[in-house]
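Worth knowing before you read on, the calculation uses all heavy atoms, side chains too, and leaves out hydrogens, waters and symmetry mates.
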Amino acid sequence: MTDAPTGQGSSPEPQLTHLDAEGRVRMVDVGDKAVTTRTATAEGIFRTRPDVVTMVAGDSLGKADVLATARLAGIGAAKKTSELIPLCHQIPLNSVKVSFDLDEEAGEIHVQATAKTTGRTGVEMEALTAVSVAGLTLHDMVKAVDPLATMDGVRLAAKTGGKRGDWTRESEKATGNDDDEVTRANTGPAALDSGRSGVVVVSSTAAAHGHREDTTGPAIEGWLFERGFSPVEVHVVADADIATAVTEHVRRSPAVLFTTGGTGVAPDDRTPEATAPHLELELPGVAEAMRARGLAATPTAAMSRGLAGFAGRTLVANLPGSTGGVRDGLAVLDDLLEHLLDVHAHGGGHR
């Protein structure tokens with residue numbers, strides 16, 4: 001991978017190295033690179049129900065040993081990465097290690113893979129492929145008891161070797177694409193992934209059926225990205241499906257779950273009813289503050305029945321379906337979000 005041309009005193013601009021000067025796809029020529037020992041570690045989180053993780057731990061799902069099967073699948077996938085991803089080089093792997101950390105209380109299986117080679121190009125894609133396929137295998141093994149399981153947050157965690165040396169996500173030392181084909185999916189604060197995931201559920205029958213474009217979900221998504229949340233998912237559902245959607249995403253235990261829409265008094269406004277059964281710790285003051293903020297400009301804000309609180313370790317907040325209501329709700333949360341998450345998760349005290 002070559003650096004972009006730069007002017008005097010300027011820093012190199014990141015480029016897509018798999019495109020030539022005419023914009024055509026190419027395979028990067030690594031013939032002139034140094035042969036070094038290179039490693040890469042990738043990670044991801046398989047989310048399911050706590051009882052399913054207990055079954056996996058006890059090997060009581062009725063199929064073959066779940067973790068052993070997923071481990072073998074991940075190792076095998078790393079060895080076939082160049083066959084699966086078109087522009088990856090065929091490289092000799094010195095080793096591939098796949099490990100699992102089970103969190104039965106949270107209903108999560110943390111998957112990690114480390115690949116190692118001695119060669120002219122890195123093994124980031126091999127490690128990422130191993131984690132991805134190990135997660136897919138976990139899904140295959142548990143789908144009979146939990147078809148709603150998901151594999152989230154697959155990402156590069158660390159790498160060593162090559163021209164740029166060592167890199168870790170935590171140290172935030174990466175400055176862009178380098179000779180070892182590190183790809184950053186996002187720019188800005190979200191690219192420096194804090195590991196805190198967010199989910200936005202939009203309750204709108206019209207938007208779900210394609211009759212109008214939703215703008216509230218992307219607005220909340222951008223707000224969360226700016227505050228370092230990643231990954232962030234946006235789901236648009238019909239009003240009748242809001243209870244199912246909230247139940248599914250609460251079970252996955254994201255750091256935050258924000259809903260928009262369905263908080264009014266129309267017959268199909270059922271978001272508060274979908275939220276209430278999951279709240280173990282209600283935050284009525286937060287909900288009232290969001291209503292009060294809207295009342296300053298819109299008297300109908302008093303009609304909002306939105307709730308706020310914690311469902312397990314997930315902060316849940318119902319925002320109105322209007323862009324102004326979302327803006328007001330986020331303005332209130334902007335002053336409270338970090339403190340709420342810190343105190344609830346760690347007992348961080350008042351600041």
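The residues Asp140 and Lys143 are annotated as salt-bridged, a charged nitrogen and a carboxylate oxygen being separated by less than 4.0 angstrom. At a threshold of 4.0 Å, the pair Asp146-Arg251 counts as salt-bridged, since one of the basic side-chain nitrogens sits closer than that to a carboxylate oxygen. Look at Arg293 and Glu288 and you find no salt bridge, because none of the NZ, NE, NH1 or NH2 atoms lies under 4.0 Å from a carboxylate O.
Looking at Pro50 and Glu104, their side chains never come closer than 4.5 Å, going by heavy atoms from C-beta outward. Residues Phe225 and Ser230 meet the side-chain proximity criterion, which asks for heavy atoms closer than 4.5 Å. Residues Val200 and Glu233 form no side-chain contact, since every pair of their non-hydrogen atoms from C-beta on lies 4.5 Å or further apart. Between Thr275 and Thr271, some side-chain heavy-atom pair lies under the 4.5 Å cut-off. Using a 4.5 Å cut-off on side-chain heavy atoms (C-beta onward), Ile45 and Met151 make no contact. Taking the side chain as every heavy atom from C-beta outward, Thr41 and Thr168 never approach each other to under 4.5 Å. With contacts defined as side-chain heavy-atom distances shorter than 4.5 Å, the pair Val237/Thr244 does not qualify. Under the 4.5 Å side-chain criterion, counting only non-hydrogen atoms from C-beta, Glu43 is in contact with Arg155.
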Quick one: do Thr69 and Met141 satisfy side-chain contact (heavy atoms from CB on, under 4.5 Å)? Show the steps, please.
CA-CA 9 Å; Thr69 304; Met141 302 291 279; 3.9 Å; yes

Start with the C-alpha gap between Thr314 and Ser253, add the side-chain angles, then the distance that decides, and say whether side-chain hydrogen bond (donor to acceptor under 3.5 Å, both in side chains) holds.
CA-CA 6 Å; Thr314 300; Ser253 298; 4.6 Å; no

Check against side-chain hydrogen bond (donor to acceptor under 3.5 Å, both in side chains), Thr160 and Thr39:
CA-CA 5 Å; Thr160 67; Thr39 68; 2.6 Å; yes

Apply side-chain contact (heavy atoms from CB on, under 4.5 Å) to residues Leu257 and His278 and explain how you reach the verdict.
CA-CA 12 Å; Leu257 168 59; His278 302 286; over 6 Å; no

Run Phe310 and Leu283 through side-chain contact (heavy atoms from CB on, under 4.5 Å) and show every step you take.
CA-CA 8 Å; Phe310 280 96; Leu283 299 170; 4.0 Å; yes

Give the intermediate values and the outcome of side-chain contact (heavy atoms from CB on, under 4.5 Å) for residues Ile220 and Val232.
CA-CA 10 Å; Ile220 300 172; Val232 177; over 6 Å; no

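Cluster annotation: Val250 is not connected to Phe258 through the hydrophobic network of ILVMFWY side chains, with a link wherever side-chain heavy atoms come within less than 4.5 Å. One hydrophobic cluster holds both Val154 and Ile75 under the rule that ILVMFWY side chains link at heavy-atom gaps under 4.5 Å. Under the 4.5 Å side-chain heavy-atom criterion for grouping Ile, Leu, Val, Met, Phe, Trp and Tyr, Leu138 is not connected to Val133 through any hydrophobic cluster. Linking ILVMFWY side-chain heavy atoms closer than 4.5 Å, directly or via other members, places Val202 and Val246 in two distinct hydrophobic clusters. With hydrophobic clusters built from ILVMFWY side chains whose heavy atoms lie under 4.5 angstrom apart, Trp223 shares a cluster with Val236.
In terms of heavy atoms, Val199 sits closest to Val201 at CG1-CG2, 4.0 Å. Across all non-hydrogen atoms, the minimal contact from Leu279 to Ala308 is CD1-O, 3.9 Å. For the pair Ala42 and Val131, the tightest heavy-atom approach, listed with the atom from each and the gap, is O-CG2, 3.5 Å. Smallest separation of non-hydrogen atoms from Gly306 and Ala287: O-CB, 3.5 Å. The minimum heavy-atom distance linking Ala130 with Val98 is given by the pair CB-CG2, 4.4 Å. Shortest non-hydrogen contact noted between Ala149 and Val142 is CB-CG2, 4.2 Å.
In the model, Asn318 has no side-chain atom that pairs as donor or acceptor with a side-chain atom of Thr263 under 3.5 Å. In summary, the side chains of Thr118 and Arg38 do not present any donor paired with an acceptor at a separation below 3.5 Å, with no hydrogens or angles considered.
Under a 3.5 Å cut-off, the side chain of Arg47 and the backbone N or O of Asp152 do not form any donor-acceptor pair. Counting only distance, with no hydrogens or angles, the side chain of Arg305 and the backbone of Asp269 share a donor-acceptor pair below 3.5 Å. A donor-acceptor contact shorter than 3.5 Å is absent between the side chain of Thr298 and the backbone of Ala301. Judged purely by atom type and a 3.5 angstrom limit, Arg252 has no side-chain atom pairing as donor or acceptor with the backbone of Glu248. Of the possible donor and acceptor atoms, one in the side chain of Thr117 sits under 3.5 Å from a partner among the backbone N and O of Pro92. Under a 3.5 Å cut-off, the side chain of Arg71 and the backbone N or O of Lys97 do not form any donor-acceptor pair. A donor-acceptor pair is defined here as one N or O able to donate and one able to accept, closer than 3.5 Å; such a pair exists between the side chain of His344 and the backbone of Gly312. With Arg49 contributing its side chain and Val145 its backbone, the two residues share a donor-acceptor pair below 3.5 Å. Looking at Thr81, its side chain does come within 3.5 Å of a backbone N or O of Ala77 through a donor-acceptor pair.
Rounding to the nearest 0.5 angstrom, the gap separating the NZ atom in Lys159 from the CG atom in Leu156 is 8.0 Å. Residue Cys88 holds its SG atom at 5.0 Å from CE of Met125, rounded to the nearest 0.5 Å. Rounded to the nearest 0.5 Å, atoms OG1 (Thr137) and CZ (Phe46) are 10.0 Å apart. Taken from OG1 in Thr205 to CD1 in Ile242, the straight-line distance is 10.0 Å, to the nearest 0.5 Å. Taking CE from Met290 and CG from Leu307, the interatomic distance works out to 9.0 Å, rounded to the nearest 0.5 Å. Here the CZ-CG distance, from Arg227 to Leu333, works out to 9.5 Å after rounding to the nearest 0.5 Å.
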If you look only at distance, which donor and acceptor atoms sit under 3.5 Å apart when one is on a side chain in residues 208-219 and the other is two or more places apart or in another chain?
| residue | atom | partner | partner atom | Å |
| --- | --- | --- | --- | --- |
| Arg212 | NH2 | Ser204 | OG | 3.0 |
| Asp214 | OD1 | Thr216 | N | 3.3 |
| Asp214 | OD1 | Thr216 | OG1 | 2.6 |
| Asp214 | OD2 | Gly217 | N | 2.8 |
| Thr216 | OG1 | Thr260 | OG1 | 3.4 |

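Between Lys116 and the options Asn94, Val123, Val96, a side-chain contact (heavy atoms from CB on, under 4.5 Å) holds for only Asn94.
His235 pairs by the ring pair (Phe, Tyr, Trp, His ring centres under 6.0 Å) definition with His249, not counting sequence neighbours.
Dense packing is recorded around CD of Glu273, with more than 12 heavy atoms of other residues, nucleotides or ligands lying under 6.0 Å away.
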